[in-house]
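Just below is one structure, and these are the notes that go with it.
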Amino acid sequence: MSYKNFPMVPRVIFGRGSFDQLSEIIAPKRLNMDAPFIFLVDDVFKGKSWLISRIPLSYQDKIVYISASEEPKTSQVDDLTEQIILSNKERTSGVIGIGGGTILDIAKAVSIMLTNKGESADYQGWDLVKNPAVYHVGIPTISGTGAEVSRTTVLTGPDKKLGINSDYTPFDQVILDPELIKDVPKIQWFYTGMDCYIHCIESLNGTYLNAFSQSYGEKALDLCKEIFQSNKLSKNDAQDKLMMASWHGGMSIAYSQVGVAHALSYGLSYLLGTKHGIGNCIVFDHLEEFYPEGVKLFKAMKSKHKVEIPQSVCANLEEHHFNIMIDIAIGLDPLWENALGKNWKKIITREKLMQLYKKM
Ligand code: NAD
Ligand code: ZN
């Protein structure tokens, strides 16, 4: 038996207003005056001076605004990388991602591609990256995915949706400033927050569970219950705790795996472009048979916050569409094995997945 020796984010700062320390944090990492820091920023912040004016630009540093309306693609990462290389005469000192899971994943992927040849699609998989990435910093502005702690960056490529999982993927530095999530629209707060909740349920009910994952998963689940179920928290406390729930949820799956909801949601996302948070909610709503307790509580939180999950997203699909989703979902062996054990193929057939998708 050999155990995974996985890297963690080596530096993290937590606190309201900690974003203002960005300048002093990155300054020692500047290679020289011509080697810029590139700030990849969610374009939802364009013109929002409360945030943008605090980004410490000097010398050749640049802000690149990125839309989070679609999930990251390998072609997008390759284009961005090329644009950065062509527009600077020197190497890049660092990449700083400011946004949700979408922007954080793009920042991780670009930082890898700046030092590795070829296309990002070549590195989708496990441990394919050869050279260390450039220094990269993650600053979440919405919480739940755990992308700020994870060892992966999930990309949709020409023929698959799969992460670049490598020891070079995790951020070198994360800044957790709960003030940054203050303007997240309620519905998005719920969807992305539920990603964290679902990470906990899938990890805690998986066959890969171990004390490491359990300790993080239980803490994250407790925090999610406080945030989404109780009425006791102040706004600030709820924001602070959601940031930490996301962190712990991400740590929990680092040493286990996700499960049925993520497998099916990857299929939806690949075919229909359904985003991760909402896709997980659409799927999880129909998974009572796999996660009875988890789904029951999910439904209670959904009605407490008066969230309507989209229905009938698969209603007008044809046979070949279902097959595309099923191909994606059924190919995710580790997720199924975690959810259902080594003999998962006895339970999960193409027909079974078809039935499930037809409910959504
Ligand atoms: P997101 O980054 O897609 O953003 C969702 C929406 O919220 C966008 O419209 C964005 O502009 C907006 N937004 C973000 N911050 C805001 C703020 N402070 N105020 C107002 N609006 C704000 O959301 P997400 O759910 O965090 O990320 C989903 C992505 O994360 C997917 O691409 C998924 O694949 C990825 N993901 C990655 C990992 C990982 O470990 N790497 C894990 C889970 C999910
Ligand atoms: Zn997830």
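As the structure lists them, so they are numbered: ligands from 1, and atoms in each ligand from 1. Sequential numbering from 1 along the given sequence is applied to the chain's residues.
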### Message
Less than 4.0 Å is my threshold; does some heavy atom of P72 fall inside it relative to ligand 1?
### Response
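In this structure, P72 qualifies as a contact of ligand 1 - some heavy atom is under 4.0 Å.
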Would [X] and [Y] pass as an ion pair if we require N to O under 4.0 Å?
{"X": "D127", "Y": "R151", "answer": "yes"}
{"X": "D172", "Y": "K29", "answer": "no"}
{"X": "K73", "Y": "D78", "answer": "no"}

Provide, to 0.1 Å, the distance between [atom] and the closest protein heavy atom, together with that atom's residue and name.
{"atom": "atom 1 (P) of ligand 1", "result": "T102 OG1, 3.4 Å"}
{"atom": "atom 20 (C) of ligand 1", "result": "D183 O, 3.4 Å"}
{"atom": "atom 39 (C) of ligand 1", "result": "S150 OG, 3.3 Å"}
{"atom": "atom 34 (O) of ligand 1", "result": "V154 CB, 3.8 Å"}

With atoms numbered from 1 as shown, which atoms in ligand 1 lie under 4.0 angstrom from a non-hydrogen atom of [X]?
{"X": "T152", "answer": "39 (C), 40 (O), 41 (N)"}
{"X": "D195", "answer": "43 (C), 44 (C)"}
{"X": "T141", "answer": "14 (C), 15 (N), 16 (C), 17 (C), 18 (N)"}
{"X": "P185", "answer": "20 (C), 21 (N)"}
{"X": "A147", "answer": "37 (C), 38 (C), 39 (C), 40 (O), 41 (N)"}
{"X": "G100", "answer": "2 (O), 26 (O)"}
{"X": "E71", "answer": "31 (C), 32 (O), 33 (C), 34 (O)"}

When only distance counts, is [X] in polar contact with ligand 1, meaning an N/O pair under 3.5 Å?
{"X": "V44", "value": "no"}
{"X": "T192", "value": "yes"}
{"X": "H199", "value": "no"}
{"X": "L180", "value": "yes"}
{"X": "H276", "value": "no"}
{"X": "D42", "value": "yes"}

Counting heavy atoms only, which of [options] comes nearest to [atom]?
{"atom": "atom 37 (C) of ligand 1", "options": "N280, D105, T145, V184", "result": "D105"}
{"atom": "atom 26 (O) of ligand 1", "options": "G101, G249, G138", "result": "G101"}
{"atom": "atom 5 (C) of ligand 1", "options": "Q188, E148, K182", "result": "Q188"}

### N/O/S atom of H276 inside 2.8 Å of the Zn ion (ligand 2), strictly under
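Yes.
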### Query
When you measure from the side chain of K299 to the backbone N and O of D285, does any donor-acceptor pair fall under 3.5 Å?
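Such a contact is found between K299 side chain and D285 backbone.
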### Query
Is the side chain of T115 donor-acceptor paired with the backbone N or O of P132 at a distance under 3.5 Å, no angle test?
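Here the side-chain-to-backbone pair exists.
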### Query
Checking side chain to side chain donor-acceptor pair (under 3.5 Å) against E337, which of K342, Q257, K345 comes through?
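When K342, Q257, K345 are each tested with E337, the side chain to side chain donor-acceptor pair (under 3.5 Å) holds only for K342.
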### Task
Mind jotting down which residue pairs meet the salt bridge (charged side-chain N to carboxylate O under 4.0 Å, His left out) criterion with at least one end in residues 31-40? Sequence neighbours excluded, please.
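Qualifying pairs: none.
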Can you tell me how the ring of [X] sits relative to the ring of [Y], calling it parallel under 30°, perpendicular over 60° and tilted otherwise?
{"X": "F190", "Y": "F298", "result": "tilted"}
{"X": "H248", "Y": "Y216", "result": "tilted"}
{"X": "F228", "Y": "W189", "result": "tilted"}
{"X": "W336", "Y": "W344", "result": "parallel"}

### Nearest-0.5 Å distance that lies between atom CG in N236 and atom CZ in R16
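Answer for the CG-CZ pair, N236 versus R16, is 3.5 Å.
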### Task
Examine the side chains of S246 and E148 and answer whether a donor and an acceptor come within less than 3.5 Å of each other.
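Yes - a donor-acceptor pair under 3.5 Å links their side chains.
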### Query
Is there a donor-acceptor contact under 3.5 Å linking the side chains of T169 and T153?
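No - no donor-acceptor pair under 3.5 Å links their side chains.
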### Task
Looking only at N, O or S atoms, find the one in D195 nearest to the Zn ion (ligand 2) and name it.
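Distance check against the Zn ion (ligand 2) picks out OD1 in D195.
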### Task
Using protein heavy atoms only, decide if any is under 4.0 Å from atom 9 (O) of ligand 1.
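It does not; no protein heavy atom is within 4.0 Å.
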Let me check something: any side-chain donor-acceptor pairs from residues 260-279 under 3.5 Å, sequence neighbours excluded? List them with distances.
unit_1, atom_1, unit_2, atom_2, d
H262, ND1, E202, OE1, 2.5
H262, NE2, D195, OD1, 3.2
H262, NE2, H199, NE2, 3.1
H262, NE2, H276, NE2, 3.2
H262, NE2, N280, ND2, 3.3
S265, OG, N280, OD1, 2.8
S269, OG, K161, NZ, 2.9
Y270, OH, P158, O, 3.4
K275, NZ, A68, O, 2.5
H276, NE2, D195, OD1, 3.0
H276, NE2, D195, OD2, 3.3
H276, NE2, N280, ND2, 3.3

### Query
Does F45 approach ligand 1 within less than 4.0 angstrom via side chain, backbone, both or neither, non-hydrogen atoms only?
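F45 to ligand 1: side-chain contact only, backbone stays beyond 4.0 Å.
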